[in-house]
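The structure appears below as structure tokens.
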Amino acid sequence: MSGPDTLFTGISQLVTPHPGPQRGKAMSELVVMRDAAILVRGDLIEWIGPERGAPQAAQVVDLGGVAVVPGLIDPHTHAVWAGDRLADFEARVKGVPYEEILALGGGIRSTMRATAKASVEGLVALARPRLQALLASGATTIEVKSGYGLDFGAELRMLRAVRELQAEFNLVPTLLVHVPPTSGRAEYVDGVCRELIPEVAAAGLAAAVDVFCEREAFSVDETRQIFVAARQHDLNIKVHADQFHAIGGTELACEMGALSVDHLEASRVRQIRSLATSKTVATVLPGVSLHLGLPAAPARKLVNGGACVAVGTDLNPGSSPLFSLPLALALSVRLNGLTPAEALTACTVNAAAALGLGDRGALVPGQRADFLALHGEDWRDLAYALGGNVVSGVFVGGVKR
């Protein structure tokens, strides 16, 4: 049962992209309304307009003359993991090659070993503060992937941890087929298709299946096989592609109508063209470029080519320990070449599209009442500030969190 209507006033600037995925030049077209108000009924926006013409409401909340933007949406995280990669980090900055780190027992397989040993309850306890940090930064919807389990039991525990956390956060769970086994590769892929995906789908544990398509991970043919199985069980598809090498994962994803292709640091003209001429969202992850020193994904070229670009944190222990979506937004301006307006669109309606969601990301009647009140009067603080938190209030369904 919904509560009383609430009118939010004291909005110096209400800034929003248009609803739905925005492509190319449209990513920079924001609606800016001054001295505005928002009427929330239930958990949806009922009305938006000038404060002087606002309708009556049972409750009035004065936000104090600040800028308001849509709640941000993080379309790519690995927030459920156990263990840490601190020794790896220290070794890497000293110049130790990743292959040597792996040989010493570190790297991603150390995270997989620790995660596989953890219980659902343990994983929930570890992930909760990470998600709380993202929420406090302004992420009102967060995608969370599995992928650190390798064995199917551990993958299922990760997804069950996400399900438990959905009672506290707006989460979108994704089954990630992340790292191939050291032996029995064909049997593993077959098991993913015949056992893991059907079980995940039957239990409703994921909305999509993601595959890491890379030279060091799964081939294009293996990725296609997994995608076909996902589609047979009515799950959306996504792909990690072009992080280190462009081997065809982006083109396959666009061909098969994937929701998104994520990473894209190694994308070139062919991959940009594929994304620009498809409905698949290009999700860039500037935290990885910052933390690993990799070239940044070509977001500027993607936008200029007409693609739909989203931005995420890629929160994970190894390549992007980034707990703030506004910081990812700000980094996408500095590293990926987006304008502040494009970056806001990338973190709202386009991030929603990357998750197959059409009911959030824009401040218009009928959309979810997920919005952020900033500390200042100008929304561009989101793209300008590095460190700290420019967000004074996070509202999810019209309720302050």
Side-chain angles (χ1 to χ4, degrees), residues 74 76-137 139 142-151 154-155 157-159 161-162 165 169 171 174 176 178-182 210 212 214 216-217 240 243-244 262-263 265 284-296 312-328 330-331 334-335 386-389:
D74 196 336
H76 187 126
T77 84
H78 305 254
V80 175
W81 78 81
D84 67 66
R85 302 278 282 282
L86 299 176
D88 292 4
F89 171 65
E90 186 175 20
R92 183 173 58 77
V93 297
K94 290 179 177 178
V96 178
Y98 186 65
E99 293 78 6
E100 187 174 333
I101 292 172
L102 280 174
L104 293 171
I108 191 170
R109 293 192 184 275
S110 68
T111 299
M112 296 171 76
R113 288 192 299 272
T115 303
K117 293 176 182 176
S119 66
V120 172
E121 294 74 20
L123 292 171
V124 167
L126 289 167
R128 182 179 287 115
R130 301 164 189 156
L131 295 170
Q132 288 171 336
L134 284 173
L135 175 62
S137 82
I142 303 166
E143 187 254 20
V144 183
K145 303 179 190 294
S146 68
Y148 289 132
L150 188 61
D151 75 82
E155 292 294 312
R157 287 193 295 278
M158 293 184 73
L159 292 172
V162 177
L165 289 160
F169 307 93
L171 305 181
T174 297
L176 171 59
H178 200 182
V179 179
T182 54
D210 191 347
F212 188 20
E214 185 59 74
E216 296 80 8
H240 285 54
Q243 182 175 4
F244 304 110
D262 301 22
H263 274 293
E265 292 90 347
V284 301
L285 306 166
V288 177
S289 299
L290 177 70
H291 190 67
L292 296 185
L294 295 176
T313 62
D314 193 14
L315 171 61
N316 75 79
S319 62
S320 185
L322 179 54
F323 294 81
S324 168
L325 189 49
L327 181 52
L331 290 175
R334 291 158 175 82
L335 301 181
L386 296 174
N389 193 353

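Because the structure is predicted, anything quoted here is derived from the model rather than measured.
Put simply, OG1 on Thr313 and CD1 on Ile142 are 8.0 Å apart, with the number rounded to the nearest 0.5 Å. To the nearest 0.5 Å, the span separating CG on Asp210 from NE2 on His78 amounts to 7.5 Å. For the atom pair Leu331 CG and Leu325 CG, the distance stands at 10.5 Å (nearest 0.5 Å). Atom CZ of Phe89 sits about 12.0 Å away from atom CG of Asp84, to the nearest 0.5 Å. Rounded to the nearest 0.5 Å, atoms CZ (Phe212) and CG (Leu176) are 9.0 Å apart. Atom-to-atom distance recorded for Phe169:CZ and Arg128:CZ is 7.0 Å, nearest 0.5 angstrom.
Across Ala116 and Asp151, no two heavy atoms sit closer than the pair CB-OD2, 3.9 Å. Between Leu292 and Ser319 the shortest heavy-atom distance is CD1-CB, 3.6 Å. In this structure, Ala127 and Val80 approach most closely via the heavy-atom pair CB-CG2, 3.9 Å. Nearest approach of Ser110 to Arg85, heavy atoms of both residues: OG-CD, 3.7 Å. Among all heavy-atom pairs drawn from Ser289 and Leu335, the shortest one is CB-CD1, 4.4 Å. The two residues Pro286 and Gly312 come nearest to each other via the heavy atoms CD-O, 3.9 Å.
Relative orientation of the His263 and His240 rings is tilted, given thresholds of 30° and 60° on the angle between their planes.
Side-chain atoms of Asp74 do not come within 3.5 Å of backbone N or O of Ala139 as any donor-acceptor pair. Of the possible polar contacts, one joining the Arg334 side chain to the Ala330 backbone as a donor-acceptor pair under 3.5 Å is found. With hydrogens and angles disregarded, no donor-acceptor distance shorter than 3.5 Å links the side chain of Asp88 to the backbone of Gly318. Side-chain atoms of Thr115 come within 3.5 Å of backbone atoms of Ala82 as a donor-acceptor pair (strictly under, hydrogens ignored).
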request  = Please test Ser137 against Leu327 for side chain to side chain contact (heavy atoms under 4.5 Å, CB included), starting from the C-alpha separation and ending with a verdict.
outcome  = CA-CA 9 Å; Ser137 82; Leu327 181 52; over 6 Å; no
request  = Tell me, with the steps shown, if Glu143 and Lys145 meet side chain to side chain contact (heavy atoms under 4.5 Å, CB included).
outcome  = CA-CA 7 Å; Glu143 187 254 20; Lys145 303 179 190 294; 2.6 Å; yes
ask   = Step by step, would you call Val288 with Gln243 a side chain to side chain contact (heavy atoms under 4.5 Å, CB included)?
value = CA-CA 10 Å; Val288 177; Gln243 182 175 4; 3.8 Å; yes
inquiry  = Before you tell me yes or no, could you show the steps for Val144 and Thr174 under side chain to side chain contact (heavy atoms under 4.5 Å, CB included), namely the whole-Å CA-CA distance, both residues' side-chain angles and the distance that decides it to 0.1 Å?
reply    = CA-CA 6 Å; Val144 183; Thr174 297; over 6 Å; no
Derivation of the salt bridge (Lys or Arg N to Asp or Glu O under 4.0 Å) call for Arg92 and Glu90 = CA-CA 6 Å; Arg92 183 173 58 77; Glu90 186 175 20; over 6 Å; no
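Annotation: side chain of Leu123 is not in contact with side chain of Val162 (no heavy-atom distance under 4.5 Å). The shortest distance between side-chain heavy atoms of Phe244 and Glu265 does not fall below 4.5 Å. Proximity of Thr77 to Asp314: side-chain heavy atoms (C-beta onward) are nowhere separated by under 4.5 Å. Side-chain contact check for Trp81 versus Met158: every heavy-atom pair is 4.5 Å or farther apart.
The pair Glu155-Arg157 does not meet the salt-bridge criterion, since no charged nitrogen lies less than 4.0 angstrom from a carboxylate oxygen.
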